[in-house]
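Quick notes on the structure that follows.
Keep in mind the model is a prediction, meaning the values are calculated, not measured. Remember, it's 1-based here, ligands and their atoms both numbered in the order they're listed.
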Amino acid sequence: MDHVTNRMQTQTLGYPRIGRDRELKRALESNWAGKLDARSLMAVFDSVVEAGWITQREAGIDAIAVGGESLYDHVLDWSIRFGLIPERFRGLEGLKRTFAMARGLPGIPALEMTKWFDTNYHYLVPEVEADVTPVADFADYLALIGRARAVLGARAVPVVPGPFTFLRLSHLVAPLGAVLDKLLPLYRELFTALARLGVTEVQIHDPALVLSGVCAFRDDIERAYAGLADSGVRLNLVTYFDDLGDAYPWVANLPVDVLSLDFTRGETLSLIEEYGWPAGKVLAAGVIDGRSIWRVRPGTVQEILSRLQALAAFQVSGTLRLSASSSLQHVPHSAARETGLPEALRNVLAFADEKLTELAMLARGDLAGANAAWATFQAFAPADEAVRARVAALTADDFRRALPYEERRPQQVALPRLPMTTIGSYPQTREVRQLRARYTRGEITTAEYEAGIDALTAYAIGVQDGLGLDMLVHGEFERTDMVEFFAQKLTGFAFTQHGWVQSFGSRCVRPPIIYADIARPKAMTVREFSVAQSFTAKPVKGMLTGPVTIINWSYPRTDIPRHEIAYQLGLALRDEIADLEAAGAKAVQVDEPALREGLPLKREHWDAYLTWATDAFRLATGKALPETQVHTHMCYSEFGEILEAIDRLDADVISIENARSDDATLGELAAYGYPREVGPGVYDIHSPVVPTVAFVEEKLRSFLRHLAPERIWVNPDCGLKTRAWAEVLPSLQAMVAAVMRLREELAPANSSQSPGA
Ligand code: GLN
Ligand code: ZN
């Protein structure tokens, strides 16, 4: 393919899919709103896809992954292509069916959505029924590959999901092996069709091979790959997001021609050095990190490559390729566009386009520029010595409350039984968004803006007071996003203008960048807290986002350990809590909705993560006065496996999502003997449906079957920012009415919350 014969070949595994200016997002949303027809939507899709191919070709990439592009989600696409259409969608077809499976229709629930490995991308879980007969429907895929070949020629390498990964991520009723055997003929049919198009190599993305426990499926996987060998195309088995661990020796020997492995996470290099490399097989070394926004550190990559090249297996020319470690869909398009960032920072950023350049330059052995950029950056973002010293001086005392729960609880606020509260945010109406936008554009003064926020706060407090809630919140009207708000008030963060990445479907996020040490120049939330508290005699919670969530929803520096960054954040939050206490706060809530999603892929790494993660939370809250009630909130309900970590947070009250999980979590908490207070959500805030009093009452009665009344708080599942007031008011009314009924039943008059049972 190239006239420089000793140049290593380069490959990609995928490219951002939503469009440089989020064209596809806009087109999808207009289509759903009935303002753009299907043909125009497909035209936007085609042009976004083709632009991505051309960018990769122009960058000189030799093997370009194609076919992973998707209107909504690539896993959903393969459910459809394999004919795995659940019964409830069978009356539909075409785009209508695709979007129904993705987003649901009235009375037809969508497929479940969940995180793609440990990334922030979410896919739609295939549903594989017991008596399933998969049926091939590859026309759209083959057409896409045909177009890719027209643009890219032989550089186009089709991507298909690995059969093991596809099924491992599915809801299966039958045993995996049995379904696998039904899928294999479809794969063979597909490979034959691809070969007919002139395709010579196919990337089989099977990242579930890196998950713990894969060895239990060894027979199935070996049978699958044996069945795929000799199907007319070269097979490139691709894994990422970690190393293969115990599975390395047998996965390396599967009958494929190329193996693409991730060298940016886990211990892939050591595995190869220890167990060797099968003669004749090509290694595509994923040394350019597809998930980091940072430029490569030349020393790190050169070390990997020279250790590989020292092995006899890679001295044969053509046996070593350079690859991105994963699809580039997890990073934004282009750092070069971020002209608002200081040059010294911008020059060490590498988004998708810069990663293509890095691959090409690495292939030419030319990385010198990166060294210079990193040296300049080091001077631009020096260590904050005061912050580092403060972290270095931490002792065990910094991580624990002065008094154990039983002793501090009597000093905290006394509230009626089944105290009622909400999770923080109230409706972010157009009025709220317009107020913030006008302020950002400089159309109103700070005083005018604050007056506007305070009026909204006054209304929210009035509502809560009027309804009779017991612990109030200010409503979070000043926050666009629970992480960005704090990031903007702390040092060490930078913000992009165009740095969007797809979270799911048309939804994109733009995480802040942690580029330096973190400090808190001044109080972040005290003004809004004080204003809110001035409107009511009831206690108002100070509302903070926890350290782990801030890190997990940002792009952190990779040369500072994550626990160190988390402790820096913990200290900033600790100072904020002290300021809130000085302003009169009787309770603070430190939200950690992203705690669970930071869990490493491999079980054996969970403890290390959970230890620093809970320590960071304890650092943030440990110096809260005994009389300050510390709340936390998590928006998921799968606690079972991390109950000890949840307990270790030592929060006085935890509110959790519950409405969609049939109280399973409550049962687990009760069985565990969770010793503090819990606010399980009484209704689902994701749905516009207003709960009835009877519904909430029934929920509360079921809570009472699991937990002593002294342990129970009453609140919705999560914040109310996505809802309208017209939904919030009657929903909270129903909540209050149900509590009033139960209080009468439960309580001898004027009993107040006590540590109890
Ligand atoms: N306090 C935040 C809110 O109410 C919590 C949001 C979340 O858990 N994701 O919006
Ligand atoms: Zn939540």
Side-chain angles (χ1 to χ4, degrees), residues 113 115 120 122 420-429 432-433 436 453 456-457 460-461 463-464 469 471-487 503-504 507 509 511 524-525 528-529 532 540-554 573 576-577 580 585 587-598 613 617 620-621 629-639 646 649 651 653-661 665 678-687 713-725 727-728 731-732 735:
M113 185 167 74
K115 269 167 72 77
N120 282 329
H122 300 74
M420 292 179 279
T421 191
T422 50
I423 305 304
S425 54
Y426 273 87
Q428 296 256 333
T429 55
V432 178
R433 290 196 303 269
R436 274 199 315 258
I453 293 290
L456 294 159
T457 306
I461 292 284
V463 165
Q464 297 170 73
L469 303 191
M471 186 169 280
L472 314 193
V473 296
H474 75 282
E476 302 182 18
F477 301 108
E478 76 288 12
R479 304 183 187 180
T480 41
D481 170 278
M482 65 188 292
V483 169
E484 189 182 58
F485 173 80
F486 288 95
S503 169
F504 63 90
R507 200 71 83 79
V509 294
M524 304 181 283
T525 63
E528 288 77 15
F529 164 78
V540 174
K541 283 187 278 194
M543 300 298 309
L544 304 171
T545 301
V548 186
T549 296
I550 295 181
I551 291 202
N552 285 347
W553 289 349
S554 301
L573 292 167
E576 186 69 14
I577 291 176
L580 284 166
V588 293
Q589 179 172 311
V590 179
D591 291 329
E592 285 290 20
L595 180 87
R596 188 180 199 289
E597 68 178 55
F617 182 93
T621 55
Q629 188 168 57
V630 173
H631 293 232
T632 188
H633 165 71
M634 294 175 183
C635 342
Y636 47 82
S637 52
E638 308 101 22
F639 273 9
I646 305 279
L649 297 176
V653 183
I654 177 170
S655 60
I656 53 173
E657 191 214 295
N658 174 70
R660 288 185 296 183
S661 67
T665 310
V678 187
V682 292
Y683 75 91
D684 179 8
I685 60 91
H686 299 100
S687 148
W713 282 67
V714 181
N715 44 258
D717 256 357
C718 190
L720 302 167
K721 73 185 208 182
T722 57
R723 300 264 63 96
W725 279 108
E727 295 156 346
V728 166
S731 300
L732 293 180
M735 180 174 105

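- Here the CD1 atom belonging to Ile646 is positioned 8.0 Å from the OG1 atom belonging to Thr632, to the nearest 0.5 angstrom.
- Of the listed residues (Ala594, Ser425, Pro593, Gly546), the one carrying the non-hydrogen atom nearest atom 10 (O) of ligand 1 is Ser425.
- Checked by distance only, ligand 1 and Lys721 stay at 3.5 Å or farther apart across all their nitrogen or oxygen atoms.
- The heavy-atom pair separating Thr421 from Met471 by the smallest distance is OG1-O, 2.8 Å.
- The single protein non-hydrogen atom nearest to atom 6 (C) of ligand 1 is Met482 SD, 3.6 Å, given as residue, atom name and distance.
- The shortest N or O to N or O distance between Met543 and ligand 1 is not under 3.5 Å.
- With Glu592 contributing its side chain and Met634 its backbone, the two residues share no donor-acceptor pair below 3.5 Å.
- Close approach to Glu476 involves these atoms of ligand 1, each under 4.0 Å from a residue heavy atom: 1 (N), 2 (C), 3 (C), 4 (O), 10 (O).
- Less than 4.0 angstrom separates some heavy atom of Gly719 from each of these atoms of ligand 1: 3 (C), 4 (O), 10 (O).
- Geometry note: the Zn ion (ligand 2) is the vertex, Cys718 SG and Cys635 SG are the arms, and the angle is 120° (rounded to 10 degrees).
- In this structure, OH in Tyr426 is found 12.0 Å from OG1 in Thr457, a value given to the nearest 0.5 Å.
- Numbered from 1 in the order shown, with element, the atoms of ligand 1 that lie under 4.0 Å from a heavy atom of Ile423 read 1 (N), 4 (O).
- The distance from ligand 1 to the heavy atoms of Cys635 drops below 4.0 Å at these ligand atoms: 7 (C), 8 (O), 9 (N).
- Between Leu732 and Leu720, the shortest heavy-atom distance links the atoms CD1-CD1, 4.4 Å.
- Heavy-atom contacts of Cys718 reach the following atoms of ligand 1: 7 (C), 8 (O) (cutoff under 4.0 Å).
- Looking at Asp591, Val473, Thr632, it is Asp591 that brings a heavy atom closest to atom 2 (C) of ligand 1.
- The residue from Arg436, Arg479, Glu476 that alone fulfils the side-chain hydrogen bond (donor to acceptor under 3.5 Å, both in side chains) condition with Gln428 is Arg436.
- Within the 3.5 Å criterion, the main-chain N or O of Pro593 finds no donor-acceptor partner in the side chain of Asp591.
- Using the six-membered ring where Trp is involved, His631 and Trp713 have ring planes that are perpendicular, over 60° apart on the 30 and 60° scheme.
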